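Here the structure is laid out as structure tokens; the discussion comes afterwards.
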Amino acid sequence: MTLENLNEKQQEAVKYTDGAALIIAGAGSGKTLTLTYRIAYLIESGVNPFNILALTFTNKAAQEMKERIVNLVGNRAKDIWMGTFHSVFAKILRIEADHLGYVSNFTIYDTEDAKNLIKNIVKDMNLDDKVYNKSFVYGRISSAKNNLYSPQDYLDSVEISSSDRANGKPYIGHIYKEYNNRLRRNMAMDFDDLLFNMNVLLVSKADLLLKYQEKFKYILVDEYQDTNFSQYNIVKKLSARYRNICVVGDDAQSIYAFRGANIQNILNFQKDYPESKLFKLEQNYRSTQNIVNAANSVIEKNFDKIDKKVWTSNEEGVKINYNELPSDREEAKWVCDIIRNRISNNDAKYGDFAILYRTNQQSRSLEEKLRLMGIPYRIYSGLSFYGRREIKDVLAYFRLVVNNSDDEAFLRIINFPSRGIGDTSLNKLKLFAQENNLSLFSTAETMLQNVGLGAKAYNNVINFCTMIRLFSNRVKQEDAFSLGEEIIRESSIIKYWKDDEDPSSDERINNIEELINAIKAFVETEENEILDEATGEEINIEDKTLDVFIQQASLMSEMDRDDKENENKVSLMTIHSAKGLEFPYVFVTGMEENLFPSNLSLTDNADMEEERRLFYVAMTRAKKELLLASSKSRFRNGQIVCNEKSRFIDEINEKYIKTIVSKEEKSFNDSPFFNNKKTSFNNYSSNKTSFKQNVGNIKKMDNLPKGIVEENILNLKDFTLGLRVYHEKFKEGKILSLEGEGDNMKADVDFENFGIKKLVLRFAKLKLIKEN
DNA sequence: AGGTACTTATAGAGT
DNA sequence: ATAAGTACCT
């Protein structure tokens, strides 16, 4: 294997294989490349891939890195354990579940499940749910777990109990205790438990600690700056025997303190491992000089950091473009116009663009405009696929089938779709289960005569239990696809949504179908056997069964999903999700005080430094061009708010930035593609009250078509030749020809003022013009 | 028991 | 703006 692709510093880091190593990798410094080569090099120099553990930030990153290593050293690299902290330790907990009093097919609760459980506990304990707000309580419990405080530790801590009492919330410790009891009763773990219980395992079972220390002789941790205490401690324990630990990170990119990440982990690494060697990768291969220098000028304002100087030998590039716009709609339009312009003038493609923002809700106005302008995009954040209601419903069926103790899943589906089991019956069932310390399902299955239900409800419950039981018996016999498909069919969830009038139901059905495809893909991927080195036993922990699928699915984020459609789309995501990615053209929208930096970070200096690091991450995603936008007013939570431009704009050294303040009249002259002023504004008339503060910017549309524009967008099947249609931008036109089918359907349309355009009808949003 | 209409909470990033 | 929860009617 040759290392000639690597620079000198990178090569040094690759070759220093034994002992502790700290790699400080500046933004764009070829970190992934270095890590990839380092692991390949380890294998080449005789390390058994079974003995390597690599912890990455997303599962997708792990998957991609593994593929690259396979390309370098061949298939044996597949035996490396690589994935996120949560997924790797979930896998180990699956194997070792009985040591903790769990079953191996335990359920993993996501944040929503966990908060619902908390809400139920607060209700059962007769506490005020406003005082014990579920999100607040969840946050307290989560940070307790991440700092390895058990419920008893929590209750025993004088410091914590006095601070909770001072806040008027003395019972959080009790809720925490009951929360953990219920999780255990449900055979469930929350995200933090995956790490907490791994710690428990390593502390309480000396033989297991030794087993995994021997297994993971070489440990690599990516994004080390974003590890929390619980993660830090696992790594410390596992590496204690061989001390072959390599951590990679950049303190300047630490952006997860809010969920317990501790930047001190990376800052203190050299104290923890005095023998460690430090490597600094400072040459940036990603961005232009302007971008690198501008980002440096911002991050300089932070106090708490490791000294380094990121530089580049790339070309100078164009200046950062900052535009101050009147409203979020104008902001979205500016972004779209630039995308159009760069595509026609710079030979860029849609996939070269990313639009970043601080908060998920900002995607809405952008999405609207992108759709209107027929620009293909994909959102990588927001409600994750597996968080959608219809998907969670299906997964609840799976969960109950796999783990009959999961009361939360039981409650979610016992009467959805409705099968005649109402609140009265359910309350009786709950009461009986509670009094006899049984799960709801086993109560329903074995004790139903004693519960005292009406005849109708009784039979309905029996039928439900029979269905679930028959499926449960098949979990280990069948693959996830054949069983999952049948469960979905039997549940009648699809029928429920088909009967529903709401137009969004179609989308829900699509999503369920996509879930079925995902199960299929899961079943079809290669099976990996895991060798238990201590016993020499080959454990087939990755059977393609339903229980494995749902455990894996609960740890999937939006970033981990592949898009089966073509990849050439504009990416929309939060800055947090953009970590580790790069794009030729990057927009950062919403550069306003109270939004970015967030209003919640204004009073605390450490929080403000984290916001600044976040901005640094955003800036350094860009390869060729960085474009910033702020808006004087924008919709937030249903109303218009006005903010000054972000302080971060002024922190950029002015040598590297060019500012435009868009006057209404010449907002979009930057874009020769759409410099026809007559058409630069949209018809906002559909929006009733909310534009009062915005009207200065809204023009009456001048070239209204003759005839009446129908309100609804034309359905794909309704297009015919010669139809008179209305387009938001090109106005009035006539269909000349049609081609393609379904989503690929295109038309040549002759527009009165714009000539003939080829439009993809799925995006064009054409409306019918009726004669008057 | 099930469905609809109104009220209320939520509005920071995500494994 | 939106989702979820509650009150009330069939």
Side-chain angles (χ1 to χ4, degrees), chain A residues 55-61 83-90 108-112 114-116 119 123 129-130 133-136 138-139 142 145-146 189-195 223 226-228 230-231 254-261 356-362 364-365 380-384 386-389 415-426 453-454 456-457 460 499-501 504 552-560 573-579 590 594-602 607 610-611 613-614 617-618 634-641 687 689-690:
Chain A
L55 297 165
T56 58
F57 199 70
T58 64
N59 288 308
K60 196 173 198 174
T84 61
F85 273 87
H86 289 86
S87 63
V88 166
F89 298 134
I108 299 170
Y109 278 8
D110 68 15
T111 310
E112 191 196 328
K115 285 182 180 173
N116 283 337
K119 196 187 68 189
K123 203 154 95 189
D129 64 356
K130 289 197 185 73
N133 171 297
K134 62 181 179 180
S135 297
F136 181 84
Y138 176 79
S142 174
K145 286 185 177 180
N146 285 329
M189 298 192 197
D190 65 19
F191 288 140
D192 303 317
D193 283 340
L194 297 174
L195 308 173
E223 307 285 6
D226 283 321
T227 51
N228 61 34
S230 181
Q231 293 167 319
S254 162
I255 54 175
Y256 279 97
F258 73 90
R259 69 174 199 220
L356 309 183
Y357 34 80
R358 179 65 177 81
T359 66
N360 278 308
Q361 57 173 2
Q362 287 167 253
R364 199 161 299 161
S365 50
Y380 285 84
S381 49
L383 190 55
S384 102
Y386 288 96
R388 287 177 199 182
R389 189 223 150 145
N415 202 32
F416 178 80
S418 48
R419 49 172 70 81
I421 304 166
D423 287 347
T424 321
S425 308
L426 204 51
L453 301 185
K456 236 178 179 173
N460 293 335
D499 294 345
D500 189 87
E501 303 284 307
S504 65
Q552 180 220 257
S554 27
L555 298 172
M556 278 275 234
S557 77
E558 208 47 26
M559 303 306 292
D560 297 322
M573 64 184 87
T574 62
I575 303 168
H576 282 90
S577 324
K579 183 163 98 162
N594 299 314
L595 183 59
F596 190 24
S598 156
N599 55 326
L600 300 166
S601 308
L602 299 179
D607 286 348
E610 178 147 314
E611 295 283 316
R613 292 193 295 269
L614 191 57
V617 168
R634 77 168 60 242
F635 272 103
R636 260 183 106 181
N637 308 325
Q639 50 190 344
I640 289 184
V641 290
N687 215 314
T689 51
S690 24

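Just so it is clear, the values below take in all heavy atoms, side chains as well, and ignore hydrogens, waters and symmetry mates. Here the structure is a predicted model, which is why all the values come from computation and not from measurement.
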Can you tell me how far [atom2] of [N] sits from [atom1] of [X], to the nearest Å?
X: A:N594; N: B:dA11; atom1: CG; atom2: P; result: 17 Å
X: A:I255; N: B:dG12; atom1: CD1; atom2: P; result: 17 Å
X: A:L600; N: B:dA11; atom1: CG; atom2: P; result: 10 Å
X: A:K115; N: C:dA3; atom1: NZ; atom2: P; result: 16 Å
X: A:L356; N: B:dA13; atom1: CG; atom2: C1'; result: 13 Å
X: A:D226; N: B:dG14; atom1: CG; atom2: C1'; result: 11 Å
X: A:E610; N: B:dG14; atom1: CD; atom2: C1'; result: 13 Å
X: A:Y380; N: B:dG14; atom1: OH; atom2: P; result: 15 Å

Side chain of [X] only, heavy atoms from C-beta on: which candidate in [options] is closest?
X: A:K130; options: B:dA9, B:dG14, B:dG12; result: B:dA9
X: A:R364; options: B:dA13, B:dT10, C:dA1; result: C:dA1
X: A:S418; options: B:dG3, C:dT2, B:dT15; result: B:dG3
X: A:S135; options: B:dA11, B:dA13, B:dG12; result: B:dA11
X: A:Y256; options: B:dG14, B:dT15, B:dG12; result: B:dG14
X: A:K119; options: B:dG14, B:dT15, C:dG5; result: C:dG5

Kindly give the heavy-atom pair with the smallest separation between A:K115 and A:S135, and that separation in Å.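 Reported closest heavy-atom pair: NZ-OG, 3.3 Å.
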
For [X] and [N], is the shortest distance between a side-chain N/O and OP1 or OP2 below 4.0 Å?
X: A:T574; N: B:dG14; value: yes
X: A:S557; N: B:dT15; value: yes
X: A:N360; N: B:dG14; value: yes

Steps toward side-chain contact (heavy atoms from CB on, under 4.5 Å) verdict (A:D607, A:L600): CA-CA 8 Å; A:D607 286 348; A:L600 300 166; over 6 Å; no

NA contact type, [X], heavy-atom cut-off 4.0 Å: base, sugar-phosphate, or nothing?
X: A:T424; value: sugar-phosphate
X: A:S554; value: nothing
X: A:D110; value: nothing
X: A:N415; value: sugar-phosphate
X: A:R358; value: base
X: A:S577; value: sugar-phosphate
X: A:N599; value: nothing

Distance criterion of 3.5 Å, no angle test: do you see the side chain of A:E611 paired donor-to-acceptor with the base of B:dG12?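 A donor-acceptor contact between them is present.
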
Can you find an N or O donor on one side and an acceptor on the other, under 3.5 Å apart, linking the side chain of A:T58 with the base of B:dT15?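 Flag unset: no donor-acceptor pair detected.
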
Identify, between A:G422 and A:H576, the residue whose nearest nucleotide on DNA chain B lies closer to the 5' end.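 The residue whose closest nucleotide sits nearer the 5' end is A:G422.
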
Which sits closer to the 5' end of DNA chain B, A:K134 or A:L555, going by the nucleotide each is nearest to?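 By nearest-heavy-atom nucleotide position, the 5'-most residue is A:K134.
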
How about A:D129 and A:K123: do any of their side-chain heavy atoms sit closer than 4.5 Å?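 No, too far: nothing below the 4.5 Å cut-off.
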
For the pair A:F191 and A:H86, name the ring-plane relationship: parallel under 30°, tilted 30 to 60°, perpendicular over 60°.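 Plane angle over 60°, so perpendicular.
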
Using 4.0 Å as the upper bound for N to carboxylate O, is an ion pair formed by A:D193 and A:K145?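 Answer for the salt bridge query: yes.
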
Are the side chain of A:D560 and the backbone of A:N59 linked by a donor-acceptor contact shorter than 3.5 Å?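 Answer holds: yes.
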
A:F416 six-ring face occupied by A:R389 cation (under 6.0 Å, within 45°):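 Checked: cation-pi criterion met.
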
